[in-house]
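All values reported here derive from a predicted model rather than from experimental measurement. Every heavy atom of this structure was used, including side-chain atoms; hydrogens, water molecules and symmetry mates were not.
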Amino acid sequence: MIQTNSGLRSLVQSLRPITSSLSEIAAYSCYTSQAASALQQVSRPNSYSEDEYAKVDWDNLGFGITPADYMYTMKCSSDGKFERGQLAPYGNVELSPSAAVLNYGQGLYEGTKAYRTEDGRLLLFRLDQNATRMKMGADRMCMACPSIYQIIDAVKQTALANKRWTPPRGKGTLYIRPLLMGSGPILGLAPAPEYTFLIYASPVGNYFKEGLKPLNLYVEDEFHRATRGGAGSVKSITNYAPVLKAMARAKSRGFSDVLYLDSANKKNLEEVSSCNIFLVKGNIISTPATSGTILAGVTRRSIIEIALDHGYQVEERAIPLDELMDADEVFCTGTAVGVAPVGTITYQDRRVEYNVREESVSQKLYSILEGIKTGVIEDKKGWTIEI
């Protein structure tokens with residue numbers, strides 16, 4: 001059963017364009033319509049897995065690769081249109097040494113999750129937003145891309161085929177990773193002549209080793225995650241390897257992750273290596289605006305909407321570092337990390353500690369969000385898809 005009534009009404013409001021150019025706004029509106037249509041029309045895939053759970057130690061599940069049974073693959077034909085995809089056993093992928101993804105980094109990925117309810121059903125969360133974001137990213141990277149319908153249908157098939165790898169409620173989730181890559185051979189710098197779309201899945205627990213404990217972030221002022229005019233606002237694979245140097249250095253000093261500043265002035269907040277950041281001051285919740293260098297996270301958008309529904313004032317704007325250091329509360333959001341409270345932030349020789357309370361704003365918003373994702377709280381927004 002697919003829940004769409006209120007979700008379709010809120011979709012146009014909740015999906016925002018990454019940049020403000022008229023052409024991209026028009027494209028985004030088109031993709032939004034496609035996403036709404038796909039949620040209504042998506043087919044019911046065949047079940048490839050049994051109902052019992054896989055043999056996994058659910059109580060000690062970290063965030064690492066535990067391959068589920070099946071993966072999904074689909075290739076585009078010479079005219080750029082993707083043919084019907086198929087499920088196959090999880091395994092290696094064969095690529096030409098001259099594939100565009102290997103030589104020029106022409107690749108995108110998404111991250112979404114399947115959640116198990118108390119009675120064993122599977123729910124997917126705001127998949128329309130992931131599909132729309134992939135379409136926008138493909139445009140930016142000059143890549144052929146499956147339709148919104150094809151992306152949503154493929155994720156549903158992958159989730160259902162790997163149902164037994166979805167942890168019991170409260171033990172973790174089934175992380176689902178859609179990938180789009182230039183698989184065709186190319187020598188000169190140009191878009192690939194062929195593209196491959198694939199999806200694999202893995203059961204996961206907490207993203208950070210701290211689990212649910214507060215994070216300790218280090219403010220990076222040497223390296224930058226993204227620059228104006230670049231591809232920081234899309235989920236390009238080229239955005240992530242460059243942050244590894246700063247992450248490794250921070251973790252060697254005992255920090256959880258790195259918080260980046262804007263590359264132009266080195267004074268305004270951007271995002272953490274793999275998630276968005278929020279700060280709380282009184283009844284006001286603030287987060288950096290997605291103005292071209294920051295990824296428009298699905299969890300970010302959901303937290304903003306939930307906060308507005310519960311009487312908080314939310315501001316999306318440029319946030320100076322000094323304002324962060326004076327906040328009452330700080331937290332991070334992302335598909336992989338969920339909603340993670342921040343305990344300390346260190347900038348150069350200054351360290352600020354935050355009072356992380358059980359009744360914090362982030363905990364309140366997290367509880368509501370997780371309740372919707374797992375079917376504990378009624379989904380009045382049409383955010384979840386049941387399979």
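- With respect to Lys156, the side-chain contact (heavy atoms from CB on, under 4.5 Å) criterion is satisfied by exactly one of Ile176, Leu124, Ile151: Leu124.
- Under the 6.0 Å cut-off for aromatic ring centres, Tyr366 and Phe331 do not qualify, their centroids lying 6.0 Å or more apart.
- Side-chain contact annotation: Glu370 with Tyr115, donor-acceptor N/O pair under 3.5 Å absent.
- Side-chain N/O atoms of Ser286 and Arg317 include a donor and acceptor closer than 3.5 Å.
- Every residue meeting the side-chain contact (heavy atoms from CB on, under 4.5 Å) condition with Arg351, not counting sequence neighbours, appears here in chain and number order: Asn216, Phe255, Thr344, Thr346, Glu353.
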Could you go step by step and tell me if Glu305 and Arg126 meet the salt bridge (Lys or Arg N to Asp or Glu O under 4.0 Å) rule? CA-CA 13 Å; Glu305 295 183 32; Arg126 304 198 80 171; 3.4 Å; yes
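- For the atom pair CH2 of Trp165 and OG1 of Thr66, the computed distance is 7.0 Å after rounding to the nearest 0.5 Å.
- Distance alone, capped at 3.5 Å, is enough to place a donor-acceptor pair between the Asp379 side chain and the Thr384 backbone.
- Taking 4.0 Å as the cut-off between side-chain N and carboxylate O, Glu220 and Lys245 do not count as a salt-bridged pair.
- Using a cut-off of 4.0 Å between Lys/Arg side-chain N and Asp/Glu carboxylate O, Lys281 and Glu323 are scored as not salt-bridged.
- A salt bridge does not link Glu270 to Arg225: none of the charged nitrogens lies less than 4.0 Å from a carboxylate oxygen.
- We find that Lys267 and Asp262 are not joined by a salt bridge, their nearest charged nitrogen and carboxylate oxygen being 4.0 Å or further apart.
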